[in-house]
Amino acid sequence: MPELPEVETVRQGLAQWVTGRRIASVQVRHPRAVRRHVPGAAHFADVLAGRTVTGVRRRGKYLWLPLDSGDAMIGHLGMSGQLLLQPLDAADELHLRVRFRFADDGPELRFVDQRTFGGLSVSEGGAELPAEIAHIARDPMDDAFSDAGFVAALRRRRTEVKRALLDQTLISGVGNIYADEALWRAKLHGARPTDALTAPAVTRLLGHVRDVLGEAIQQGGTSFDDLYVDVNGESGYFDRSLNVYGREGAPCRRCGTPIRREAFMNRSSYSCPRCQPRPRVAPRG
DNA sequence: CCTCATTCCTGCGGGC
DNA sequence: TGCCCGCAGGAATGAG
């Protein structure tokens, strides 16, 4: 499940392999992969052909490839998206959605996506920051991220702290896995009401978010299965470092209490019952 | 404006 | 054995 560290790993690989290359042709093999490109699949392919990729940038879980035209191709991996560099003669993947060939006849770029939650689109004039993702907050690895602004904004919310961490308009790049890991490190239950947290507590939580994201980037991200790999098809290793996510019943690495799993927002939350007790009062109580 | 439930999608694995 | 259902979940969308 690609979150910031996985997307950053992909970004680094793409930057190495596609920067400076001119796109020769684009083949859209599944229209759903470009559903966010309103003018349609044919236009998507036409507007990219002949353009040179000038870099690879990221905000939160979104990637974009600025082009020499001043436009940008936006990409989101969703749940199961992959951007792979492959030899021209490599067999098509079962879930190959979009293929890019380059003028240099070198390795081609493929967008492969089993569940099709991800997608690609072209942003007109979006090279610097695509308008389509301008509503996404800066992520905590961005030099321009404002710690004080985040702390204040989170405390103004009337919601639960895990919901706030997952809100990409407040802080981007954090998904279910890293939210649980950061909350465990901060010894906070995800249901804690944001407006009752002190500023120092939120500052500490942010520090843990940044730490866990940074450590995961160093490990090449988290891979549970073949659904997340880098541009060369390699898995990351951070799953070995997870303290709570996916560890229901296993002993907490701080206190030995079995990790619990709770339903949350149609998914699962993992936490330590002892280190992260549920809040005593309801959020609206 | 703010918050939150719903929806999209496919493959896997548990249970019967 | 084979079928069905739940689960995985990021983010757009619309309801309230």
Side-chain angles (χ1 to χ4, degrees), chain A residues 1-8 10-11 29-38 58-64 74-83 93-98 111-121 123 130-139 152-183 190-196 209 213 216 221-229 235 239 242 244-249 260-270 282-285:
Chain A
M1 289 129 266
E3 302 180 29
L4 187 152
E6 294 75 38
V7 179
E8 173 60 19
V10 170
R11 189 201 66 76
R29 300 180 78 259
H30 196 307
R32 186 171 157 79
V34 295
R35 66 193 179 283
R36 303 252 171 241
H37 189 79
V38 176
R58 182 186 58 71
R59 174 173 286 198
K61 304 169 194 172
Y62 277 94
L63 291 168
W64 75 95
I74 302 172
H76 196 291
L77 302 178
M79 286 290 296
S80 55
Q82 303 175 345
L83 285 163
E93 292 80 1
L94 177 60
H95 302 294
L96 174 62
R97 308 304 189 190
V98 184
F111 180 63
V112 177
D113 191 8
Q114 178 195 96
R115 294 177 211 173
T116 66
F117 274 37
L120 307 176
S121 60
S123 173
E132 292 85 346
I133 60 174
H135 64 291
I136 301 293
R138 289 184 186 274
D139 63 66
L154 182 140
R155 296 180 69 227
R156 278 197 297 271
R157 292 293 175 94
R158 294 191 62 81
T159 187
E160 299 174 359
V161 64
K162 183 168 175 181
R163 287 180 180 275
L165 288 179
L166 296 177
D167 184 342
Q168 305 297 302
T169 66
L170 186 59
I171 181 172
S172 69
V174 181
N176 201 38
I177 298 172
Y178 297 108
D180 278 3
E181 293 298 312
L183 288 165
R192 292 280 291 272
T194 47
D195 57 352
V209 168
L213 293 176
T222 300
S223 302
F224 293 110
D225 49 35
D226 294 338
L227 289 185
Y228 162 70
V229 292
S235 296
D239 58 312
L242 296 175
V244 281
Y245 187 85
R247 296 191 67 238
E248 182 181 17
R260 78 180 147 203
R261 180 166 70 94
E262 297 172 292
F264 169 81
M265 288 174 74
N266 291 328
R267 61 204 69 182
S268 294
S269 284
Y270 297 89
R284 302 298 152 74

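A note on names: the letters A, B, ... follow the listed sequences, proteins ahead of strands, and every chain is numbered from 1. Since we're looking at a predicted model, the values are computed, not measured.
- Across the protein-nucleic acid pair, A/Asp113 atom CG and C/dA11 atom P stand 13 Å apart, rounded to whole Å.
- One interatomic measurement links the two molecules: CG of A/Asn176 to P of C/dC7, which rounds to 14 Å at whole-angstrom precision.
- Every residue two or more places apart in sequence or in another chain that forms a side chain to side chain contact (heavy atoms under 4.5 Å, CB included) with A/Ala153 is listed here: A/Arg156, A/Leu170.
- Residue contacts for A/Arg35: at a heavy-atom cut-off of 4.0 Å it reaches no nucleic acid atom on any strand shown.
- If one axis is set at each end of the helix from B/dC2-C/dG16 to B/dC16-C/dG2 from five pairs, those axes are 50° apart, to 10°.
- Residues forming a side chain to side chain contact (heavy atoms under 4.5 Å, CB included) with A/Pro5 (at least two apart in sequence, or on another chain): A/Glu3, A/Tyr178, A/Leu213, A/Ala216, A/Ile217.
- For the pair A/Arg156 and A/Arg267, both in contact range of DNA chain B, the more 5′-proximal nearest nucleotide belongs to A/Arg156.
- For the side chain to side chain contact (heavy atoms under 4.5 Å, CB included) test, residues two or more places apart in sequence or in another chain that qualify with A/Glu248 are A/Arg261, A/Tyr270.
- Distance from the side chain of A/His76 is smallest to C/dA11 among C/dA11, B/dC4, C/dA8.
- Atom CG in A/Leu77 sits about 17 Å away from atom C1' in B/dC8, given to the nearest Å.
- Remark: A/Asp195 CG to A/Arg158 CZ distance equals 4.5 Å, nearest 0.5 Å.
- Distance from the side chain of A/Arg261 is smallest to C/dA8 among C/dA8, B/dT3, C/dG10.
- Atom C1' of nucleotide C/dG10 and atom CD1 of A/Ile177 are separated by 12 Å, given to the nearest angstrom.
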Do any N or O atoms of the protein come closer than 3.5 Å to N or O atoms of nucleotides 12-16 of chain C, and which pairs are they?
| from | atom 1 | to | atom 2 | distance (Å) |
| --- | --- | --- | --- | --- |
| C/dA12 | OP1 | A/Tyr62 | OH | 2.6 |
| C/dA12 | OP2 | A/His135 | NE2 | 3.1 |

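- The side-chain hydrogen bond (donor to acceptor under 3.5 Å, both in side chains) test applied to A/Asp239 returns no partner, not counting sequence neighbours.
- Within the nucleic acid shown, A/Ser80 has no heavy atom closer than 4.0 Å to any nucleic acid atom.
- Distance CZ (A/Phe264) to P (B/dC4): 9 Å, rounded to an integer number of Å.
- Residues forming a side chain to side chain contact (heavy atoms under 4.5 Å, CB included) with A/Arg36 (at least two apart in sequence, or on another chain): A/Ser121.
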query = How does each nucleotide of nucleotides 9-14 of chain B score, in 5' to 3' order, for protein heavy atoms under 4.0 Å: base (B), sugar-phosphate only (S), or none (-)?
reply = BBS---
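- The residues A/Lys162 and A/Asp180 are annotated as salt-bridged, a charged nitrogen and a carboxylate oxygen being separated by less than 4.0 angstrom.
- The side-chain hydrogen bond (donor to acceptor under 3.5 Å, both in side chains) test applied to A/Arg163 returns no partner, not counting sequence neighbours.
- Scored by the side-chain hydrogen bond (donor to acceptor under 3.5 Å, both in side chains) test, A/Arg32 finds A/Thr116 as partners (sequence neighbours excluded).
- Per the geometry, CD belonging to A/Glu160 stands 9 Å off P belonging to B/dA5, to the nearest Å.
- In this structure, A/Arg157 and A/Asp167 approach most closely via the heavy-atom pair NH1-OD2, 2.7 Å.
- Here A/Arg11 pairs with A/Glu8 under the side-chain hydrogen bond (donor to acceptor under 3.5 Å, both in side chains) rule; sequence neighbours left out.
- Legend: residues meeting salt bridge (charged side-chain N to carboxylate O under 4.0 Å, His left out) with A/Glu132, ordered by chain and number and at least two apart, are absent.
- Here the C1' atom of nucleotide B/dC2 and the CZ atom of A/Arg157 are 8 Å apart, to the nearest Å.
- Comparing atom distances between the A/Asn266 side chain and each of B/dA5, B/dT6, C/dG10 picks out B/dT6 as nearest.
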